[in-house]
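Since the structure comes first, as structure tokens, the remarks are kept for the end.
Below, chain A is the first sequence line, B the second, and so on; all start at residue 1. Nothing here was measured: the structure is a model prediction, and the numbers come from that model.
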There are 2 protein chains.
Amino acid sequence: MATRVWNDQTGPARYVAPDPDFWDPKLSDAARRLLGSAVLCFARNGFYGTRTRDISAGAKLSAGSLYTMFDSKEAVFFEITRSGHIDTLACLNADPGDGTPTERLQRLVSIYVEWHARYHTVGRACQHDLAVLTEEHFAEIVELRHQIEAIFRNVVEEGAKDNTFDAADIDGVLRAIHSLSIDVTRWYGLDGTESPQSIAALYSKFALRIATPPPSS
Amino acid sequence: MATRVWNDQTGPARYVAPDPDFWDPKLSDAARRLLGSAVLCFARNGFYGTRTRDISAGAKLSAGSLYTMFDSKEAVFFEITRSGHIDTLACLNADPGDGTPTERLQRLVSIYVEWHARYHTVGRACQHDLAVLTEEHFAEIVELRHQIEAIFRNVVEEGAKDNTFDAADIDGVLRAIHSLSIDVTRWYGLDGTESPQSIAALYSKFALRIATPPPSS
DNA sequence: GTCTATAAGTTGATAGAC
DNA sequence: GTCTATCAACTTATAGAC
């Protein structure tokens, strides 16, 4: 029934919440259980399709308990997007940053793609409905995204300087690699046999092909 | 403020409805105005974030008028997704299908990417929230997607047979090209200077690089 | 800290006038 | 064919008991 490239499928089995220690350690156990439930709801049905009662029920709490830990539904959503972007950035920053542009780009894409496969549920929850955030919260996410973008831009520009990479389309190359990576959250599901690592290996190969002009042209 | 690779931005200017004749000609003028309004709403806020009153108001109709033309909000959403997939398929099928696998893949990706840039608002409305469709409607969309997928698979498999393309990762290549193409609906906006045609040219080049193994390996 | 009950407002959809 | 008025159900968030 499901197409291979779209991975069309419904049902709850596709999504999986991260371990509780994925979330801010300053939060209580109950608050982190709530975030685990919320991330499943948001990934499945988006912000507007999720009711606060669904979130509470998934964490085995009553309807009103959510509001003792978070100010609003938007605050729950923001905490998820914030945590997701901060964790992504931390994983990318853990890279030593040495070696040739080719080696560095492969490592960065591998980290980035593995993150989006492993945390595809978080990524999916973060990707859509960012417009519901307050102006201040939105600005905070955009700032984190700038930092993530700069890491990739830095490597691609360096590779373009020494003619390893396509210097004519730096923005296009960056956008394409980025599209490939984050779109993993759309199609990656539990029923696939592929591990996050194998997807990461394949996609870092593809990213290199995109960035590297063929010898003829 | 907006990142280049994410193209983060809010506001209504980003989205644009297709011409009325994009929709099923069997529908009345008012019904097609309604679809034009609905596609803007769904692209911006998703299915659950859109109220039937918003759709009606955008078409300069009263709240109840929607229900004289469509049975439900889901029926409006289905008509949009159906039209979007049918038009995409028709554009791909208009390709003559001759030439080498390289030439054919470039043409197909060009058509597909140009569609997703030109109709990025429709594509965005179609991409998310497909889970809200009834079982029958969902199955109809999945069938259309199978046909779209088969067109690309056909070319990539033929190219793999004559060693033009990477025979080891056909599914991966198809998925990557597909990700690149449909993700255009996420980032493509009116403020960019790039035309649908220039994006299509760049991305068909990238698709070829993904499908073609470098001479060394 | 978690619960139940409820307030205040919103939503999809329908009925009937013009 | 489009409008206004309205229903019944639902939703976020709060109040106050335990």
Just to be sure I understand the rule, does [X] reach a base, reach only the sugar-phosphate, or reach nothing, if contact means heavy atoms closer than 4.0 Å?
X	result
B:T50	sugar-phosphate
B:L66	nothing
A:S72	sugar-phosphate

Next item on the list: Output the single nucleotide from C:dA13, D:dA13, D:dT2 whose closest atom is nearest the side chain of B:L61.
Entry: D:dT2
Notebook entry, point to check: Hey, what's the ring geometry for A:Y203 with A:F206, parallel, tilted or perpendicular (30° and 60° as the breaks)?
Noted result: tilted
Nucleotide [N], atom [atom2] - distance to [atom1] of [X] in whole Å:
X	N	atom1	atom2	result
B:F47	C:dT11	CZ	C1'	12 Å
B:K60	D:dG1	NZ	C1'	19 Å
A:M69	C:dG1	CE	P	8 Å
B:R53	C:dT10	CZ	P	10 Å
A:D71	D:dT14	CG	C1'	13 Å
B:Y67	C:dA13	OH	P	4 Å
B:I55	D:dT2	CD1	C1'	17 Å
B:D54	C:dT10	CG	C1'	12 Å

Next item on the list: Give a yes-or-no answer on whether the side chains of B:D8 and B:T3 include a donor-acceptor pair shorter than 3.5 Å.
Entry: yes
Next item on the list: Could you list the residues that satisfy side-chain hydrogen bond (donor to acceptor under 3.5 Å, both in side chains) with B:R33, not counting sequence neighbours?
Entry: none
Check: Looking at B:W23, B:Y188, B:Y15, B:F22, which hits ring-ring contact (aromatic ring centres under 6.0 Å, His included) with B:Y119?
Finding: B:F22
Checklist line | Check: A:E140 side chain, A:R82 main-chain N or O, donor-acceptor pair, under 3.5 Å | finding: no
[X] side chain N/O closer than 4.0 Å to the phosphate oxygens (OP1, OP2) of [N]?
X	N	value
A:T68	C:dG1	no
B:S62	D:dC3	yes
A:S65	C:dC3	yes

